[in-house]
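If you're wondering where the values come from, they're calculated on a predicted model, not measured in any experiment. Chain letters run A, B, ... following the sequence lines, proteins first and then strands; every chain starts at 1.
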Number of protein chains: 2
Amino acid sequence: MTEEGVNGLSLAEVARRLGVTPPSLYKYFPSLLSVYDALYARAARAHLDVMRAAMDESEPGLRALEAGLMASGHWCIEHRARAQLLFWRPVPSFEPSPDAFAPSVEMMELNRKGLADAVAAGELGPDGATDEAIYLVSIMIAGTLSQAMANEPDLPWGDGRFSPLFPKLMALLPAAYPPDGKPTRRSRRGQSGG
Amino acid sequence: MTEEGVNGLSLAEVARRLGVTPPSLYKYFPSLLSVYDALYARAARAHLDVMRAAMDESEPGLRALEAGLMASGHWCIEHRARAQLLFWRPVPSFEPSPDAFAPSVEMMELNRKGLADAVAAGELGPDGATDEAIYLVSIMIAGTLSQAMANEPDLPWGDGRFSPLFPKLMALLPAAYPPDGKPTRRSRRGQSGG
DNA sequence: GTCTATAGCCTGATAGAC
DNA sequence: GTCTATCAGGCTATAGAC
């Protein structure tokens, strides 16, 4: 998948690299799509574990949320092809089974919890715990990743022009959902007047 | 490309739908990759024209920039497969020729000009005209698009959970590059200062 | 659980008649 | 500028021997 595109996975090539013949694979997987499903399931699980571990190591709230998403970005860049399988839809005929998809649902819950904790800690206003805020955050990480993967496919997370900007984006969240409940844009001069 | 993925384009299928036989296509294109290149060139040109027209109709600065990027988003959602060909890299063996790529360079210049105008108009601080700001904006539009395309592939621009959030993201730019030159909120004196 | 053999499809590309 | 015929190869998947 890394070399030929996610779509380029073929059982024949898998067999070739395993040193077996294609029919042997059918003892383990009933079809090519079932191989994609197994890849999806394992990748989703690995990605979720990495993200949760990073969040658990930081204090709940924006710091944990950012740590989790940074770890997510790191994993995605390190496993580009699998990340594409998870988050883009490069194989139109493939849709993950409910079992394989389960970790993805759990991941959304992690984000939701991170935002809710941030609201509870007073880092964000009450709107910071809405679905809209989740979508906003998902746009930020997805944008950083897609730009990094498309334009700097060989650079690790943390290098290059895009991934270092992610913390800067996260730092804008309090401007979008101000803790004092003031309306969005560049809420008055405040904050700095100490 | 829409039906089978960008990678799924085949000369045989093109010929089939044109009502001719595959060898006939070789009178017009020397190879499959040259077909991709022609598709890329036309799409890049069409996308650039749409974006520039939208920017020309708005007053220079943040309004024009947002109008241009909104038009870009609209075009990308309306022409998903072509947008993927332009902005993701779904066909590893294909790289656009310099001629085909030229409009993409011009597009970056449009963004640069939009930000420079915004700084000149006092909408953003001087940092708003840096390369970093361009990358930040590109992350915003790329994130909105990739989330919309991956999760709501059948909804038009303006509908759904993601594309309506793009203006909200653009509205955060003045918080990232404050016009009065003040450092980004809560970056200097810290959150305890206020 | 591996293999050979094969069916039945697809592809990109070329040669050469008309 | 279209066609027929063809090459040379790819692929998924199955049947059945060992």
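In this structure, B/Leu18 places its CG atom 11 Å from P of D/dC3, rounding to the nearest Å. With rounding to whole Å, A/Glu4 atom CD is found 18 Å from C/dT11 atom P. Computed from coordinates, the A/Phe29 CZ to C/dG1 P distance equals 13 Å when rounded to whole Å. One atom, OH of B/Tyr26, and another, P of C/dG12, lie 6 Å apart when rounded to the nearest Å. When rounded to the nearest whole Å, the span between CG of B/Leu33 and C1' of C/dT11 equals 13 Å. Atom P of nucleotide D/dG1 and atom CG of B/Leu25 are separated by 13 Å, given to the nearest angstrom. The nearest whole Å value for the distance from the CG atom in B/Asn7 to the C1' atom in D/dC11 is 15 Å. Across the protein-nucleic acid pair, B/Glu13 atom CD and C/dC9 atom P stand 16 Å apart, rounded to whole Å.
Residue whose closest nucleotide on DNA chain D sits further toward the 5' end, between B/Tyr28 and A/Lys27: B/Tyr28.
The nucleotide whose nearest atom lies closest to any side-chain atom of B/Ser10 is, among D/dT12, C/dT11, D/dT4, C/dT11. Counting only heavy atoms from C-beta on, A/Ala12 has its side chain closest to D/dC11 among C/dA5, D/dC11, C/dT14.
Between B/Arg16 and the phosphate of C/dT11, there is a side-chain N or O to OP1/OP2 separation shorter than 4.0 Å. Contact check, B/Tyr36 against C/dG12: no side-chain N or O comes under 4.0 Å of OP1 or OP2. For the pair B/Ser24 and D/dG1, the criterion of a side-chain N or O lying under 4.0 Å from OP1 or OP2 is not met. Put simply, B/Thr21 has a side-chain N or O that comes within less than 4.0 Å of OP1 or OP2 on D/dC3.
Within the 3.5 Å criterion, the main-chain N or O of A/Ile134 finds no donor-acceptor partner in the side chain of A/Asn111. A distance-only check finds no donor-acceptor pair linking the side chain of B/Ser72 to the backbone of B/Gly68 [under 3.5 Å].
As judged by a 4.0 angstrom heavy-atom cut-off over every strand, B/Pro22 is placed among residues making no nucleic acid contact.
For the atom pair B/Arg52 CZ and B/Leu48 CG, the distance stands at 4.5 Å (nearest 0.5 Å).
Classification of the A/Trp88-B/Trp88 ring pair by plane angle, with boundaries at 30° and 60°, yields parallel.
Closest heavy-atom contact between B/Leu155 and B/Arg80: O-NH2, 3.3 Å.
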